[in-house]
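Accompanying notes for the structure given below.
Residue numbers count from 1 along this sequence.
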Amino acid sequence: MTARPSRLTAPPPPRREWAYFFDIDGTLVAIAATPAGARPGRDLRRLLEDLHQASGGAVALISGRSIADIDRLFAGVRFPAAGQHGLERRGATGVVEQHAFPAEQLEWARARLAAAAAGKPGLIVEDKGLSLALHYRRAPRLASYAHRVTRALLRRVGAQYCIQIGKRVVEMKPAGKDKGMAVLEFMREPPFQGRTPVFVGDDATDEYGFATVNRLRGYSIKVGPGRTAARWRLPSEQAVEQWLRSI
């Protein structure tokens with residue numbers, strides 16, 4: 001994935017015939033101190049539902065969150081979704097598929113990670129079912145500790161797992177799936193199939209989605225500052241909401 005300079009132009013207005021893929025935290029909603037603290041606004045929900053209807057259902061949420069957590073955030077509507085960076089995916093038909101993973105190693109790592117975070121105020125262990133995340137947003141001084149602990153666990157569980165780094169979070173997850181792979185899987189199915197893909201995201205986990213959409217000659221849109229493989233940029237979550245209004 002080749003990073004582009006930080007100065008990028010705003011994307012063209014959204015079109016009904018495109019296929020849309022959105023990260024959530026830092027893209028659609030502001031990043032909160034804890035995962036449970038994020039709240040999508042009523043206007044955003046309405047815009048996503050309107051876009052879902054206008055595009056014939058070609059709107060998916062692709063997040064590091066689990067699908068269950070995505071549904072909690074957007075209660076009352078079940079968008080197509082890929083959770084845990086693509087380890088689980090719900091297509092437009094509503095069927096959920098899960099990536100096979102070595103559960104025994106994860107059980108071992110779960111207990112060790114909880115022990116490592118105990119007594120460290122501000123560190124939060126998030127058990128997503130198929131992956132484990134260690135958040136240090138409330139304790140940025142513990143960043144190096146969080147990364148060191150997680151990488152030490154990775155060396156013990158082996159190459160079947162990998163590290164995924166986000167904004168003040170480090171995650172251990174089964175290898176072989178990412179947000180770019182999730183986009184490809186959606187694009188093989190109706191109603192996404194045959195459309196121009198659009199991926200909107202904000203951090204390192206979304207670069208896989210940007211790279212995939214670039215290969216498919218779609219629209220890769222980075223939210224916020226920083227070097228990126230994306231070809232367009234929106235400055236904030238509020239700008240994403242305003243962009244959605246322009247359809």
Side-chain angles (χ1 to χ4, degrees), residues 1 23-26 31-38 60-73 81-91 95-185 201-209 211-212:
M1 296 177 289
D23 172 50
I24 297 175
D25 296 276
I31 296 176
T34 66
L61 303 178
I62 301 183
S63 175
R65 293 175 179 268
S66 67
I67 289 178
D69 203 21
I70 293 171
D71 288 346
R72 179 190 64 80
L73 272 180
Q84 303 185 63
H85 308 286
L87 292 174
E88 53 179 355
R89 191 176 66 88
R90 180 175 64 214
V95 175
V96 176
E97 300 175 349
Q98 288 190 344
H99 179 55
F101 72 103
E104 186 174 331
Q105 289 98 315
L106 191 68
E107 287 294 332
W108 177 87
R110 181 178 289 115
R112 300 308 187 278
L113 195 61
K120 297 288 192 295
L123 285 187
I124 298 173
V125 177
E126 183 184 10
D127 183 355
K128 302 180 183 181
L130 306 179
S131 60
L132 301 168
L134 185 57
H135 297 264
Y136 52 90
R137 177 161 294 275
R138 284 182 164 180
R141 68 190 184 283
L142 294 177
S144 61
Y145 174 80
H147 285 259
R148 187 169 65 252
V149 164
T150 309
R151 291 188 183 280
L153 290 176
L154 180 69
R155 288 193 292 271
R156 294 288 300 273
V157 299
Q160 289 177 300
Y161 283 84
C162 67
I163 292 293
Q164 180 68 67
I165 297 172
K167 290 182 176 178
R168 295 189 178 179
V169 60
V170 57
E171 187 166 354
M172 189 170 67
K173 69 181 188 69
K177 290 285 187 177
D178 57 49
K179 292 184 179 182
M181 295 279 292
V183 168
L184 288 176
E185 291 168 353
D202 74 299
D203 73 6
T205 68
D206 301 310
E207 294 295 324
Y208 299 101
T212 295

Would you give me the side-chain donor-acceptor pairs under 3.5 Å for residues 137-151, sequence neighbours excluded?
unit_1: Tyr145; atom_1: OH; unit_2: Ala116; atom_2: O; d: 2.7
unit_1: His147; atom_1: NE2; unit_2: Tyr136; atom_2: OH; d: 2.8
unit_1: Thr150; atom_1: OG1; unit_2: Ala146; atom_2: O; d: 2.8

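- For the residue pair Gly83 and Ile70, the shortest heavy atom distance occurs at CA-CD1, 4.4 Å.
- Every residue meeting the side-chain hydrogen bond (donor to acceptor under 3.5 Å, both in side chains) condition with Asp203, not counting sequence neighbours, appears here in chain and number order: Thr205.
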Result block: side-chain N/O donor-acceptor pairs under 3.5 angstrom for residues 161-176, not counting sequence neighbours:
unit_1: Tyr161; atom_1: OH; unit_2: Pro102; atom_2: O; d: 2.8
unit_1: Lys167; atom_1: NZ; unit_2: Asp202; atom_2: OD2; d: 2.7
unit_1: Glu171; atom_1: OE1; unit_2: His85; atom_2: NE2; d: 2.9
unit_1: Glu171; atom_1: OE1; unit_2: Lys128; atom_2: NZ; d: 3.2
unit_1: Glu171; atom_1: OE2; unit_2: Lys128; atom_2: NZ; d: 3.1
unit_1: Glu171; atom_1: OE2; unit_2: Ser131; atom_2: OG; d: 2.9
unit_1: Lys173; atom_1: NZ; unit_2: Lys177; atom_2: O; d: 2.6

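- Of the possible polar contacts, one joining the Glu88 side chain to the Ile67 backbone as a donor-acceptor pair under 3.5 Å is found.
- Here the side chain of Asp178 pairs a donor or acceptor atom with the backbone of Met181 at under 3.5 angstrom.
- Annotation: the span from Ile31 atom CD1 to His135 atom NE2 amounts to 10.5 Å, rounded to 0.5 Å.
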Glu126 vs Asp69, test: side-chain contact (heavy atoms from CB on, under 4.5 Å). Steps then yes/no. CA-CA 11 Å; Glu126 183 184 10; Asp69 203 21; 4.2 Å; yes
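- Among all heavy-atom pairs drawn from Ile24 and Ser63, the shortest one is CD1-CB, 3.8 Å.
- Taking all atoms of both residues into account, the shortest heavy-atom contact from Val125 to Ala114 is CG2-CA, 4.3 Å.
- Looking at residues two or more places apart in sequence or on another chain, you find no side-chain hydrogen bond (donor to acceptor under 3.5 Å, both in side chains) involving Gln98.
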side-chain contact (heavy atoms from CB on, under 4.5 Å) between Val183 and Tyr208, intermediate numbers included: CA-CA 9 Å; Val183 168; Tyr208 299 101; over 6 Å; no
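- In the displayed structure, Arg72 atom CZ is contacted under 6.0 Å by more than 12 heavy atoms of other residues, nucleotides or ligands.
- Applying the side-chain hydrogen bond (donor to acceptor under 3.5 Å, both in side chains) criterion to Glu107, with sequence neighbours excluded, gives Arg110.
- Under a 4.0 Å N-O distance rule, the pair Arg65/Asp23 does not qualify as a salt bridge.
- Qualifying side-chain hydrogen bond (donor to acceptor under 3.5 Å, both in side chains) partners for His99, counting only residues two or more places apart in sequence or in other chains: none.
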